Amino acid sequence: MKKDKQIKLALKNCGSIDPEKIENYIAVDGYKALGTCLGEKGSSEIIDVIKASGLRGRGGGGFPTGEKWEMASKFVADQKYVICNADEGDPGAFMDRSILEGDPHVVLEAMAICGYSIGATEGYIYIRAEYPLAIKRLKMAIDQAKEAGLLGINILGSGFDFDIRLKYGAGAFVCGEETALIASMEGKRGTPVIKPPYPVECGYKGKPTIVNNVETYANIPVIINKGAEWFSSIGTSGSKGTKVFALAGKVKNVGLVEVPMGTTLRELIYDIGGGIINGKKFKAVQSGGPSGGCLTEKHLDTPIDYESLKECGSMMGSGGMIVMDEDDCMVAVAQFYLDFSVEESCGKCVPCREGNHVLYQILNKITHGKGELKDLDKLKAISEVVKSTSLCGLGQTSPNPVLSTLTNFYDEYYDHVVNKKCVSKQCRALVEYKIIEDNCIGCTACKRVCPAEAITGEVKGKHVIDPELCIKCGACIEKCKFNAIIVE
Amino acid sequence: MKKIKTISDLNAIRKVLENDRIDSEDKKVIVKVAMSTCSIATGSKKVISFFREQMGLEAIDSLVVQTGCMGLCHSEPTVIVSVPGKDSVIFGNVTEKKVNEIITSYIKEGNDIEGVLLKKNS
């Protein structure tokens with residue numbers, strides 16, 4: 001894996017220090033930023049630095065972090081809260097888990113800095129219960145920081161108190177949405193509420209609350225230590241710094257990468273990711289998880305930043321990046337993501353609850369060879385409605401995989417509904433298994449393995465598959481040593 | 001860790017810790033084994049305990065520590081080996097057999113061996 005294109009800021013300590021030892025973190029400038037803030041900087045000064053750095057939320061939305069802090073700092077309240085959103089739920093994404101497991105103190109330090117700047121003394125990390133190792137290391141880190149006087153009462157003699165506790169999420173995707181997250185923390189059902197008021201004004205327990213993502217926090221100490229100017233020199237005009245991506249799918253070097261904003265998709269997939277596995281052809285890249293879109297070959301030179309990805313019909317999202325090759329059926333991909341959104345919709349608002357379900361059913365119809373041309377128009381129309389009328393980010397973005405595949409892979413949809421063909425041969429209902437007579441030597445291997453007894457033929461005689469009985473499981477292809485079975 | 005009472009105390013402690021780190025890296029062989037969920041799933045717990053055991057048996061002045069992951073998921077378990085006077089090297093797909101090879105051939109005899117993902121200047 002080529003490393004030269006990567007810049008590690010959020011991941012700078014991941015893989016180089018022992019995450020279970022606070023001494024290791026302190027030795028690499030750990031808690032230095034907190035010391036600087038408490039000793040030399042006032043609240044507004046810190047917020048100005050974060051604003052000037054141009055840091056934007058890394059959870060997906062991309063809201064300017066400094067502005068969020070400034071708003072929360074201006075509201076007057078007897079208590080304010082700092083929340084870390086560690087409810088990472090996108091399929092295939094594990095950026096936050098890696099940071100929490102590899103460098104838990106960086107998040108604690110950043111949360112304390114945030115607390116000091118907005119005037120909060122309590123912080124919570126909302127973390128998925130499915131992350132036991134991250135939880136264990138966070139607990140350890142909190143205990144160590146308290147013992148060392150870097151959390152708790154009168155931190156470093158400054159008079160500032162800050163404490164951090166963990167709250168566990170049960171894994172509902174919608175709880176990554178900040179208002180649903182807060183509801184879940186309060187012990188209520190995890191459903192979003194209408195904004196405004198935003199959490200910065202009326203959040204946890206009705207008090208001003210900052211909710212930032214793990215990766216956003218991981219950038220804070222380095223910005224304080226190295227300065228806003230240094231940070232904003234990395235990236236593009238509208239998107240500063242770096243972004244961590246979980247590179248997955250049909251790419252050679254699957255893994256976690258951190259690249260400066262403005263790096264192109266091509267550099268990410270080919271230079272860092274090493275290209276497509278098994279010499280296959282690149283087909284699409286899906287960024288932003290179930291809320292993102294599928295981009296194609298023609299988008300490969302798009303720089304990765306919040307605006308450019310949005311313009312192409314995808315989004316930055318939290319950082320999942322799934323690469324697909326010629327064997328992936330784009331209709332089936334859209335159906336997969338819709339299935340996820342249907343499952344995870346909280347059911348509070350009608351467009352998301354019903355609309356996504358209808359979209360899923362139409363896609364299901366298409367992949368089963370029962371689609372009609374007018375279904376494609378329906379997909380588009382319903383998607384637009386769900387997008388524009390849903391209550392929270394989940395519904396507002398869940399049709400993106402459908403819309404982007406419809407735009408970029410219309411031919412594939414057309415093939416499915418009109419020609420009843422799936423070019424990638426992924427949709428079982430649209431393919432047929434056949435035996436090429438000339439290649440078949442009559443070894444009976446396929447006949448013996450077929451679970452549906454759909455293959456007939458004598459030893460040394462030609463074999464035939466009965467399409468009525470065939471369940472298209474593919475077991476015969478795996479057994480045939482003579483390339484006599486094909487999928488059409 | 002003892003309670004740190006002031007910012008200057010924190011800075012003083014950092015100086016000590018920084019120095020400790022540099023000193024030890026100068027004379028000891030440092031082995032860092034990635035130990036995040038993904039690494040553990042591919043067998044890094046076995047790798048780290050085997051490294052500790054073997055380094056002890058071979059009586060090599062060394063420090064075997066755990067870290068988070070470097071993001072090289074395609075080649076877990078991964079290990080960073082730093083031998084004094086040489087660039088750090090990252091090995092991928094490390095097994096017990098590979099650990100033996102790293103210790104005898106790379107660390108003790110100073111040979112270049114296969115399985116290096118990349119060199120790191122740290």
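Just so you know, these numbers come straight off a predicted model, no measurement behind them. Residue numbers begin at 1 in each chain, while the letters A, B, ... track the order of the sequences.
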- Query: Does any heavy atom of chain B fall under 4.5 Å from the side chain of Ile22(A), the backbone, both, or neither of them?
  - Reply: side chain

- Task: Tell me the residues of residues 34-58 of chain B whose non-hydrogen atoms fall below 4.5 Å from those of chain A, in number order.
- Result: Met35(B), Ser36(B), Thr37(B), Cys38(B), Ile40(B)

- Query: Does the side chain of Phe91(B) come within less than 4.5 Å of Val116(B)'s, by heavy atoms?
  - Reply: yes

- Message: Quick check for you: among Lys3(B), Glu76(B), Lys15(B), which has the greatest number of heavy-atom pairs under 4.5 Å with chain A?
- Response: Lys3(B)

- Using a cut-off of under 4.5 Å for heavy-atom pairs, which of Ala27(A), Gly157(A), Gly102(A) has the most such pairs with chain B? Ala27(A)

- Query: Parallel under 30°, tilted from 30 to 60°, perpendicular over 60°: which one fits the rings of Tyr25(A) and His105(A)?
  - Reply: parallel

- Quick one: what part of Asp103(A) sits under 4.5 Å from any heavy atom of chain B, side chain, backbone, both or neither? neither

- Message: Any non-hydrogen side-chain atom of Met321(A) less than 4.5 Å from a side-chain atom of Leu265(A)?
- Response: yes

- Message: With a 4.0 Å cut-off on N to O distance, would you call Lys21(A) and Glu23(A) a salt bridge?
- Response: no

- Heavy-atom pairs under 4.5 Å with chain B, option from Glu258(A), Lys252(A), Arg97(A) with the top count: Arg97(A)

- Flag yes if more than 12 heavy atoms outside Lys86(B) fall under 6.0 Å of its NZ atom; otherwise flag no. yes

- Query: Checking Lys2(B) against chain A: side chain, backbone, both or neither under 4.5 Å from a heavy atom?
  - Reply: backbone

- Applying a strict 4.5 Å limit to non-hydrogen atoms, the region of Asn13(A) in contact with chain B is neither

- Straight-line distance of Met324(A) CE to Ile276(A) CD1, nearest 0.5 Å: 11.0 Å

- Message: Quick test of your reading of the model: are Lys250(A) and Asp325(A) salt-bridged, counting only N-O distances below 4.0 Å?
- Response: yes

- Task: Could you grab the distance from atom CD1 of Ile113(A) to atom OG1 of Thr36(A), nearest 0.5 Å is fine?
- Result: 8.0 Å

- chain A contacts: which residues in residues 94-114 of chain B have a non-hydrogen atom closer than 4.5 Å to it? none

- Message: Going by side-chain contact (heavy atoms from CB on, under 4.5 Å), name the residues that satisfy it together with Ala86(A), two or more places apart in sequence or in a different chain.
- Response: Leu100(A), Ile125(A), Ile127(A), Val214(A)

- Do the charged groups of Lys32(A) and Glu109(A) touch, with an N to O distance under 4.0 Å? no

- Segment of Glu147(A) engaging chain B (4.5 angstrom heavy-atom cut-off): both

- Query: With a 4.5 Å heavy-atom cut-off, do Glu130(A) and Tyr168(A) have their side chains touching?
  - Reply: no

- Note on the structure: Hits for ring pair (Phe, Tyr, Trp, His ring centres under 6.0 Å) against Tyr131(A), two or more places apart or cross-chain, chain-then-number order -> none

- Point-to-point distance, once rounded to the nearest 0.5 Å, from CG of Leu166(A) to CD1 of Ile142(A): 4.5 Å

- Check each atom of Val251(A) against the heavy atoms of chain B and say whether the ones under 4.5 Å are side chain, backbone, both or neither. neither

- Message: For the backbone of Met95(A) and the side chain of Ser98(A), can you confirm whether one donor and one acceptor N or O come within less than 3.5 Å of each other?
- Response: no

